[in-house]
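The next block holds one structure in the form of structure tokens; read it before the comments.
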Amino acid sequence: MRPFDFARPSSIAEAIALLDTPVTAVGNGTRALAGGTDLLTLMKADLYAPERLIDIKRLAELDNRIEEGADGLTIGALTTLAQLEEDPRVRAVFPALAEAAALAATPQLRHMATIGGNLLQRPRCWYFRNPRIPCWLKGGDDCPARPGENQLHALFDVSPCVAVHPSDPATALVALDARVRLHGAQGDRELPLAELFAPPTDDRRTETVIRGDELIVSLRIPTTPGTRSTYLKAMDRKVWAFALVGVAAVVRMDGSRIEDARIVLGGVAPVPWRAEAAERVINGADVSDEVIERAVEAALDGATPLVHNSYKIPLAKALVRRALGSLTSPGIRL
Ligand SMILES: Cc1cc2nc3c(=O)[nH]c(=O)nc-3n(C[C@H](O)[C@H](O)[C@H](O)COP(=O)(O)OP(=O)(O)OC[C@H]3O[C@@H](n4cnc5c(N)ncnc54)[C@H](O)[C@@H]3O)c2cc1C
Ligand code: SF4
């Protein structure tokens, strides 16, 4: 790890003034430090070499509160995954988020990892994480994963980079229609969380559209009465593994009719992947095995597996089938 300066601003304005360097593919300049579980790993591997870190855990305007309002839940950016896993309101009203948090990493990591940092963690692609291997996302010409070891990579080809988005909570939060509040040099802005994520392009070799001078302040999840949700995750071992595939589903029923459904897949694209074709199949339909099966097929519409990852297709289908089956049949346990 290279030497760096360390600053402890006391206000968000002071922090924003220090975050004056745009986010780059290799993350130099000034970086915000929350739990440090990804940032410090990237620095130790020499993938990031910031000149300065700023501690954002003591900023008066950033907090780890989970607050219930008339229209939903507000979650401070410093809230840990452990809090999300344990909070009774999250568990009762937004089980998909509590389940996603509980399935991420390890108990020790979940006590350190903040939700803000979780959403902005970088891909786990083994070529990306190896400092000796150049790759397109790190500013190189090619993606070695495409012709190489791509067992863990994307099914949907939407970027020169085929790494998958690694966050479990992000998949659940996008399905729950969460919004994110950002604060930067140009003031506050709020956007659907789904729009924070964007497949990397030649002009922007990162997976999010957050600006270098912006901080995530909070998330807001709307409450819709009668909504059920779940998050299912396939892993290559039972704990401490990133999602081979994750599925978050949110469903509102009126009797046997599916009023509204949102289905988001993780581990299949560089961003949480909304399965809109599947949603179109089931929205407004009466529940039946046949409807669910059509939605399952539609969820993987457009998938173009790489040489070593076609196993993800039946895996994703199985998770979508289980998630929809349980949410549309009250009483059935997952
Ligand atoms: C062994 C291991 C296993 C893991 N398994 C999983 C898993 O199964 N599922 C999963 O979802 N995750 C997993 N993770 C990732 C882990 O959840 C993240 O590393 C963690 O959530 C990041 O949060 P942090 O607070 O430590 O962020 P940091 O490491 O402090 O920061 C990460 C990035 O976010 C930026 N940042 C942090 N907070 C803010 C903010 N408020 N505003 C703007 N920028 C900010 C930092 O500058 C940095 O670029 C795993 C990590 C490890 C090390
Ligand atoms: S998938 Fe992305 S991160 Fe991995 S080697 Fe290719 S360009 Fe790099």
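Remember, it's a predicted structure, so these values are computed and weren't measured experimentally. Whatever order the structure lists ligands and atoms in, that order sets their numbers, starting from 1. For reference, positions follow the sequence shown, starting with 1.
- Less than 4.0 angstrom separates some heavy atom of Leu215 from each of these atoms of ligand 1: 42 (N), 43 (C).
- When each of Ile282, Val281, Val296, Val251 is paired with Ile263, the side chain to side chain contact (heavy atoms under 4.5 Å, CB included) condition holds for Ile282 and for no other.
- Ligand 1 places these atoms under 4.0 Å from at least one heavy atom of Asp38: 19 (O), 29 (O).
- Near Pro166, with a cut-off below 4.0 Å to any heavy atom, the atoms of ligand 1 are 9 (N), 10 (C), 11 (O).
- Note: Glu276 CD to Asp301 CG = 12.0 Å, rounded to the nearest 0.5 Å.
- Cys161 lies apart from atom 8 (Fe) of ligand 2 in this respect, since none of its N, O or S atoms is found at a distance under 2.8 Å.
- Counting heavy atoms under 4.0 Å from ligand 1, residue Ala100 does not touch it at all.
- Ranking protein heavy atoms by distance to atom 9 (N) of ligand 1, first place goes to Asp168 OD2, 2.7 Å.
- Cys143 SG, 2.3 Å is the protein heavy atom nearest to atom 6 (Fe) of ligand 2.
- For ligand 1, the polar-atom distance check against Thr41 finds no nitrogen or oxygen pair separated by under 3.5 Å.
- At under 3.5 Å, not a single nitrogen or oxygen of Arg124, backbone or side chain, sits near a nitrogen or oxygen of ligand 1.
- The shortest N/O to N/O separation between Arg31 and ligand 1 falls below 3.5 Å.
- Polar contact with ligand 1: absent for Ala104 (N/O pair, distance under 3.5 Å).
- Once rounded to the nearest 0.5 Å, the distance linking CG of Leu176 with CZ of Arg220 reads 13.5 Å.
- Among the atoms of Gly116, none of the N or O lies under 3.5 angstrom from an N or O of ligand 1.
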- request: Tell me, with the steps shown, if Lys233 and Glu99 meet salt bridge (Lys or Arg N to Asp or Glu O under 4.0 Å).
  value: CA-CA 9 Å; Lys233 175 175 178 180; Glu99 289 161 9; over 6 Å; no
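- Checked by distance only, ligand 1 and Ile56 stay at 3.5 Å or farther apart across all their nitrogen or oxygen atoms.
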- prompt: What do the steps show when you test Arg321 against Glu293 for salt bridge (Lys or Arg N to Asp or Glu O under 4.0 Å), and what is the final call?
  reply: CA-CA 7 Å; Arg321 187 178 297 112; Glu293 213 43 51; 2.8 Å; yes
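- The N/O atoms of Trp240, backbone and side chain alike, include none that comes under 3.5 Å of an N/O atom in ligand 1.
- No side-chain heavy atom of Phe4 sits under 4.5 Å from any side-chain heavy atom of Arg31.
- One option in Gly117, Ser167, Ser218, Ala170 has a heavy atom closer to atom 37 (C) of ligand 1 than any other, and that option is Gly117.
- At a heavy-atom cutoff of 4.0 Å, ligand 1 is contacted by the side chain of Leu109 but not by its backbone.
- Protein heavy atom nearest atom 3 (S) of ligand 2, with residue, atom name and distance: Phe128 CB, 3.5 Å.
- The residue from Val217, Asn118, Ile216 that puts a heavy atom closest to atom 41 (N) of ligand 1 is Ile216.
- Looking only at protein heavy atoms, the nearest one to atom 51 (C) of ligand 1 is Phe242 CZ, 4.0 Å.
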message: Could you walk me through whether Asn309 and Gln151 satisfy the side-chain contact (heavy atoms from CB on, under 4.5 Å) test, starting with their C-alpha distance in whole Å, then the side-chain angles of each, then the deciding distance to 0.1 Å, before giving a yes or no?
response: CA-CA 5 Å; Asn309 71 353; Gln151 288 85 344; 5.6 Å; no
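- Between Leu244 and Tyr311 there is a side-chain heavy-atom pair separated by less than 4.5 Å.
- Close approach to Gly35 involves these atoms of ligand 1, each under 4.0 Å from a residue heavy atom: 24 (P), 25 (O), 26 (O), 30 (O).
- At a threshold of 4.5 Å between side-chain heavy atoms, the hydrophobic network of Ile, Leu, Val, Met, Phe, Trp and Tyr places Phe197 and Phe242 in two separate groups.
- Between Phe156 and Trp273, the ring planes lie parallel to each other; the angle is under 30°, not in the 30° to 60° tilted range.
- At under 3.5 Å, not a single nitrogen or oxygen of Leu40, backbone or side chain, sits near a nitrogen or oxygen of ligand 1.
- Side-chain contact check for Leu191 versus Val180: some heavy-atom pair is nearer than 4.5 Å.
- The distance from ligand 2 to the heavy atoms of Cys135 drops below 4.0 Å at these ligand atoms: 3 (S), 5 (S), 7 (S), 8 (Fe).
- Dense packing is recorded around CZ of Arg89, with more than 12 heavy atoms of other residues, nucleotides or ligands lying under 6.0 Å away.
- Taking every heavy atom of Ala32 and a limit of under 4.0 angstrom, the matching atoms of ligand 1 come to 46 (C), 47 (O).
- Of all the heavy atoms of Ala34, the ones lying under 4.0 Å from any atom of ligand 1 are found in both the backbone and the side chain.
- For the atom pair Asp38 CG and Leu33 CG, the distance stands at 11.5 Å (nearest 0.5 Å).
- In this structure the side chain of Ile75 reaches within 4.5 angstrom of the side chain of Leu97, judged on heavy atoms.
- The protein non-hydrogen atom at the shortest distance from atom 12 (N) of ligand 1 is Gln121 NE2, 3.3 Å.
- Judged by distance alone, with hydrogens and angles left aside, the side-chain atoms of Arg274 form no donor-acceptor pair with the main-chain N or O of Arg262 at under 3.5 Å.
- Taking CG of Leu109 as the reference point, atom CH2 of Trp240 lies at 7.5 Å (rounded to 0.5 Å).
- Every N/O-N/O distance between Leu120 and ligand 1 stays at or above 3.5 Å.
- Between Lys233 and ligand 1 there is a heavy-atom distance shorter than 4.0 Å.
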message: Walk me through whether Leu53 and Leu40 qualify under side-chain contact (heavy atoms from CB on, under 4.5 Å).
response: CA-CA 10 Å; Leu53 291 189; Leu40 297 179; 4.2 Å; yes
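- At a threshold of 4.5 Å between non-hydrogen side-chain atoms, the residues Gln83 and Val90 do not count as touching.
- Around CG of Asp236, the count of heavy atoms belonging to other residues, nucleotides or ligands within 6.0 Å exceeds 12.
- Here the protein heavy atom with the shortest distance to atom 25 (O) of ligand 1 is Thr114 OG1, 2.6 Å.
- Summary of contacts: the protein heavy atom closest to atom 7 (S) of ligand 2 is Leu137 N, 3.5 Å.
- Of all atoms in ligand 2, numbered sequentially from 1 with element shown, those under 4.0 Å from a heavy atom of Tyr127 are 5 (S).
- Ligand 2 has Pro144 within reach: a non-hydrogen atom of the residue lies less than 4.0 Å from it.
- For ligand 1 and Ala77, the ligand atoms under 4.0 Å from any heavy atom of the residue are 41 (N).
- When only non-hydrogen protein atoms are considered, atom 4 (Fe) of ligand 2 lies nearest to Cys125 SG, 2.3 Å.
- The shortest N or O to N or O distance between Pro169 and ligand 1 is not below 3.5 Å.
- Proximity of Ala241 to ligand 1, defined as any heavy-atom pair under 4.0 Å, is confined to the backbone N, CA, C and O atoms.
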